[in-house]
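Down below is the structure, laid out as structure tokens.
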There are 2 protein chains.
Amino acid sequence: MKKDVFQAIADPTRRAILTLMMTQAMTPNALAQHFDTSRQAVSKHIKVLAEVGLIKQELSGREIYYHFNPKKMKQIADWLEPFRQLWESRLNQLETVLKNIKPKKS
Amino acid sequence: MKKDVFQAIADPTRRAILTLMMTQAMTPNALAQHFDTSRQAVSKHIKVLAEVGLIKQELSGREIYYHFNPKKMKQIADWLEPFRQLWESRLNQLETVLKNIKPKKS
DNA sequence: TATATTTGCAACCAGCGAGTTGCATATTAA
DNA sequence: TTAATATGCAACTCGCTGGTTGCAAATATA
């Protein structure tokens, strides 16, 4: 049942939640209003995101504000890094090809 | 049943497959030898990766070489980009804090 | 105090996902 | 031609996932 960041962002609803919370902290109720599913369903997604550390909670009376934790999201970028070099080099190769083709046109 | 790139990289085995194929094209059989599961299980993962476009196949007789497609992986980086700005700014803030503390120590 | 609001937890359910085994097909090797 | 190899497809199982509803607890409001 142990989840990780990659499984957390696999769900479209959870990605939408993260996007919403990127700009401001939100309560489960406020979040749920943005989706067609029930509050409890959204609450479950929140629980998953909190468990993997992508969001943190902040208590305020009976309300709970969840806010985004960018540090955890960086884990994905870190995993992505070696691949990034690949697609960047490929794009560079494409640029080179285009540059060599252009002169022929004129 | 429609999968996307995020669901594709959610599985640890599939991430391992991508890492293996990052450097060189591989056949399902060669890939399967790196894992404890059956060839068919690996083949299913390959199918998922191919369906979302993260890998491409290249026929060679009865063998099928699958090679990595960096362009598709970039989709994840693109989604990540707005979040990146967040964690980078936070890290910059931390740097600033540390810079201001240091002088006090001496 | 009594009521409404916010939230979490538990139980349940349908469907998907990852695994297995078995079989069919196509290509290479003997 | 016959046997071995490489691969995909189908059927099946089992556990997880995302959804629901119902309920309890805690806090705010009347």
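A quick note: this is a predicted structure, and the numbers were derived from the prediction, not measured. Numbers restart at 1 for each chain; the letters A, B, ... are given by sequence-line order, proteins then strands. Worth knowing before you read on, the calculation uses all heavy atoms, side chains too, and leaves out hydrogens, waters and symmetry mates.
Side chain of B/Pro28, nearest nucleotide from D/dT7, C/dT6, C/dG17: D/dT7. Listed candidates were D/dG19, D/dG18, C/dC23. Nearest to the side chain of B/Gln40 is C/dC23. Closest approach to the B/Tyr66 side chain among C/dG19, D/dG8, D/dA6 is made by D/dG8 (side chain taken as heavy atoms from C-beta onward). Checking D/dT7, D/dT20, C/dT21 against every side-chain atom of A/Thr37, the shortest atom distance belongs to D/dT20. Nearest to the side chain of B/Arg14, among D/dG18, C/dA18, D/dG19, sits C/dA18.
Applying the 4.0 Å criterion to OP1 and OP2 of C/dG17, one finds that B/His45 has every side-chain N and O outside that range.
Ring orientation note: the planes of B/Phe83 and A/Phe68 are tilted relative to one another, at an angle of 30° to 60°.
When the P atom of C/dG19 is taken as reference, atom CG of B/Asp36 falls 11 Å away, rounded to whole Å. Across the protein-nucleic acid pair, A/Glu63 atom CD and C/dT5 atom P stand 13 Å apart, rounded to whole Å.
Between the base of C/dG17 and the side chain of B/Lys44 there is no donor-acceptor pair shorter than 3.5 Å. Within 3.5 Å, no donor on the side chain of B/Arg62 pairs with an acceptor on the base of D/dT7, nor the reverse.
Side chain of A/Thr27 to backbone of A/Ala30: a donor-acceptor contact under 3.5 angstrom is found.
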